[in-house]
Each structure stands twice: as C-alpha cells, then as structure tokens.
Peer 1: 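Quick one: structure below, then a few questions.
Both counts, for ligands and for their atoms, begin at 1 and track the order of listing. Remember, it's a predicted structure, so these values are computed and weren't measured experimentally.
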Amino acid sequence: MIDLRSDTLTQPTKRMRQAIFEATVGDDVYGEDPTINQLEELAAEMLGKEDALFVTSGTQGNQLAVLGYCSPGDEIIVESESHIFFYEGGAISALAGVQPRVIKGIKGAMDPKEVKSAVRSEDIHFPDTSLICLENTHNRSGGSIVSTENMKEIFEVAKQASIPVHIDGARLFNAAVASNKKVTDYTQYCDSVQVCLSKGLGSPVGSLLAGNKELIQKARKWRKRLGGGLRQAGFLAASGIISLTEMVDRLAEDHEKALRLADAIEEINGLSLKNRPDTNIVIVNIEKTHKSNEEFLNDLKREGVLAVSFGEGQIRLTTHYDVSFEDIEQAISALKKIV
Ligand SMILES: Cc1ncc(COP(=O)(O)O)c(C=O)c1O
C-alpha cells in the first residue's frame with residue numbers, strides 16, 4: 001500500500017531504531033534524562049530560543065503555549081483554519097478557558113491590519129487579547145508557507161500591543177527547507193514555537209516547545225499537571241535527535257515528490273489542485289469526477305493508494321520519507337485509472 005494519508009505515518013529509520021536501542025536514559029520528571037536534556041538543548045539552539053521542552057505531541061505543545069501565556073476569559077487570535085482552532089478538540093476553551101478571535105487568512109497568512117484591529121483595547125466589556133497564533137506551514141491550505149515578511153509584520157503588531165506570538169510550526173522545517181531559509185529566519189518573529197518530530201522528520205513520537213525560560217518553566221508544570229511528565233523518555237528523544245540532525249535537509253525530496261504529483265494531477269481531466277504545493281501536501285479537488293470523497297478514496301485504495309478526505313470534494317495527499325519516487329509514479333497511474 002502506498003500511504004499518502006499523512007507524514008505522521010513514517011516508520012522510524014534504522015538509525016533511529018539504533019539510537020533508541022542505545023540511548024542513555026534517566027527520570028525526566030527529575031530532570032535526569034541526559035538524552036532528553038540533550039534534545040531540548042539542541043532544539044532551543046536550532047530554534048533560536050532560550051529553552052525548549054520535549055512534549056508528547058504537537059497538540060500538547062500548542063496547548064502548553066496557550067496555557068502558559070493566557071488566563072481563563074482571555075481571547076487569542078487564530079487563523080480560521082488553523083490546527084489550534086480547527087483540530088484540537090476545542091482544547092483552548094476546555095483547558096485554558098480562552099475564546100478564539102478568528103481571522104480568515106489567505107493560504108494561511110492573516111492580514112496584519114486585520115490582526116491589529118482584532119487586538120482588544122482596554123474596555124470593561126472586552127476580554128484581554130493574550131496571544132496571537134500563527135501556523136507555518138499551514139496544513140489546511142495544503143502545506144503553504146507563511147512568508148517571513150507576513151510574520152514580521154504581525155510580530156510588530158504584537159510587540160506594539162505587548163502580546164506574545166506563538167507559531168504552530170508542526171512543519172516549520174518544511175517551510176525553511178522549501179524556502180531555502182534558516183528556521184531562525186522564521187522563529188525570530190515569534191516568542192514561542194512548537195515543532196513536530198513525528199511528521200516529516202520521521203520520529204515515532206514527540207514534539208518540542210521552545211520559548212523563553214519563563215514560558216518553558218510554566219509549560220513544564222502544565223505538562224506534569226496534564227499527565228505528560230514522562231520518565232525514561234530519552235528513548236524517544238534519541239530518535240528526536242536523529243530527526244533534528246539528519247532528517248531536516250532531506251525534506252526537500254518530499255517537496256519534489258509533491259510537485260511531481262501536482263504536475264501530473266494538473267494533467268488529469270477531472271482533477272484539479274487547490275493550489276500548487278509549497279511543501280509536502282497536495283490538496284486535490286475531485287468534484288468533477290462526480291464521485292463522493294468516500295467512493296473516490298475507496299477506488300484509490302483498491303489501486304493500492306491511501307489518501308484522506310479533506311472537506312467536501314477535496315482529498316489530501318501527503319508525501320514523506322516512506323513514499324519513494326516510484327511510489328509517486330504508481331500513485332499517479334492509480335489516479336489516472338480511477339478517474
Ligand atoms: C499544523 C499542525 N499542528 C499541530 C498538529 C498536531 O500534532 P499532533 O498530531 O502531534 O498532536 C498537526 C498534526 O497534523 C498539524 O498538522
């Protein structure tokens with residue numbers, strides 16, 4: 001089966017399995033896991049922040065940032081199709097007790113002017129705006145890159161209003177590699193960032209939240225409160241170190257595969273792209289095939305290819321380490337055949 005459902009489906013590489021096997025571990029709740037400590041130091045340095053925390057998932061990393069910055073009754077500015085708003089089970093309200101102020105972006109990028117006017121002024125009737133969240137790359141826009149220029153403008157708005165900025169950077173390394181920039185070119189415009197190790201970077205589990213020492217200390221406490229204080233988790237961190245040191249540059253290959261898929265899909269009568277992929281996610285409009293998403297995905301599965309439904313009349317294909325260039329050619333043949 002050629003599995004294009006998500007880049008979370010990658011299996012740990014041989015190097016990761018070896019590193020997991022050989023990892024030196026300790027009790028991380030006591031701060032005594034040397035491999036976790038090494039991963040956190042490495043992440044803080046790579047992301048250009050004072051400190052970092054290993055967390056169980058991207059969702060946990062995002063939520064710890066919200067919990068760390070906000071108080072119940074606050075309002076946070078989010079993009080209308082961002083993961084934090086769309087896919088995290090209402091956690092910002094359920095856990096942190098904050099309400100979202102939603103702005104519709106263009107390919108995930110919010111207009112800085114709209115962000116500015118969404119910041120609440122001091123008024124007895126208003127909630128306090130306590131956080132601005134960005135997502136880069138933006139999943140629901142098809143892995144599109146939010147430009148450093150856009151981020152800079154929003155960061156300036158935020159600084160003028162003394163509001164922190166958090167990036168959901170589940171796939172921020174994809175943005176950096178695809179735009180030929182350093183990841184710190186992006187993270188200089190945020191106060192905190194969450195990056196996933198278990199997506200294109202191939203690790204089995206984990207994400208990192210990076211920010212200043214005060215935020216990370218708060219996040220550490222919230223992680224423990226939420227039952228996320230892990231013990232000999234250095235086994236997972238060992239793989240995370242491989243992700244950060246050996247798996248970043250190769251993301252370029254995943255982007256190439258996505259472009260190959262996109263080029264071929266543009267040539268198939270009945271299919272069209274939502275937009276040309278910037279990175280590793282291809283969103284395909286299937287409406288003209290007159291098949292439901294379910295029918296289309298079942299037909300594709302019968303041809304040995306898995307994809308996911310992505311809103312009415314749309315499916316998502318995501319390239320990753322475990323899908324070869326040959327697999328992409330096979331997936332293209334399958335798409336042609338079923339259409
Ligand atoms: C943009 C984005 N943020 C956050 C997450 C959440 O990551 P996790 O599944 O590790 O909680 C995802 C997962 O797909 C994502 O695409």
Peer 1: Around atom CD of Gln217, are there more than 12 heavy atoms of other residues, nucleotides or ligands at under 6.0 Å?
Peer 2: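 Not more than 12 within 6.0 Å, no.
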Peer 1: Under a 3.5 Å threshold, yes or no: a donor from one side chain and an acceptor from the other, between Thr184 and Gln188?
Peer 2: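 No, no side-chain donor-acceptor contact under 3.5 Å.
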Peer 1: Between ligand 1 and the protein, which N/O pairs fall short of 3.5 Å?
Peer 2:
residue  : atom   : partner : partner atom : Å
ligand 1 : 3 (N)  : Asp168  : OD1          : 3.0
ligand 1 : 3 (N)  : Asp168  : OD2          : 2.6
ligand 1 : 7 (O)  : Lys199  : NZ           : 2.9
ligand 1 : 10 (O) : Gly58   : N            : 2.8
ligand 1 : 11 (O) : Gly58   : N            : 3.4
ligand 1 : 11 (O) : Thr59   : N            : 2.9
ligand 1 : 11 (O) : Thr59   : OG1          : 2.6
ligand 1 : 16 (O) : Asn139  : ND2          : 3.3
ligand 1 : 16 (O) : Arg171  : NH1          : 2.8

Peer 1: Show me the side-chain donor-acceptor pairs of residues 227-242 shorter than 3.5 Å, one per line, residues at least two apart or across chains.
Peer 2:
residue : atom : partner : partner atom : Å
Arg231  : NH1  : Asp27   : OD1          : 3.3
Arg231  : NH1  : Asp27   : OD2          : 3.1
Ser239  : OG   : Ser203  : OG           : 2.7

Peer 1: On the six-membered ring of Tyr321, is Arg250 placed so that its NZ or CZ lies under 6.0 angstrom from the centre and within 45° of the ring axis?
Peer 2: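 Not flagged: Arg250 not positioned over aromatic ring of Tyr321.
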Peer 1: Does one side chain, of Gln160 or Glu156, offer a donor that lies under 3.5 Å from an acceptor on the other?
Peer 2: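 Not at all, the side chains of Gln160 and Glu156 share no donor-acceptor pair under 3.5 Å.
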Peer 1: With side chain to side chain contact (heavy atoms under 4.5 Å, CB included) as the test, pick out the partner of Asp191 among Asn212, Ile167, Val165, Leu215.
Peer 2: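 Single pass found, and it is Val165.
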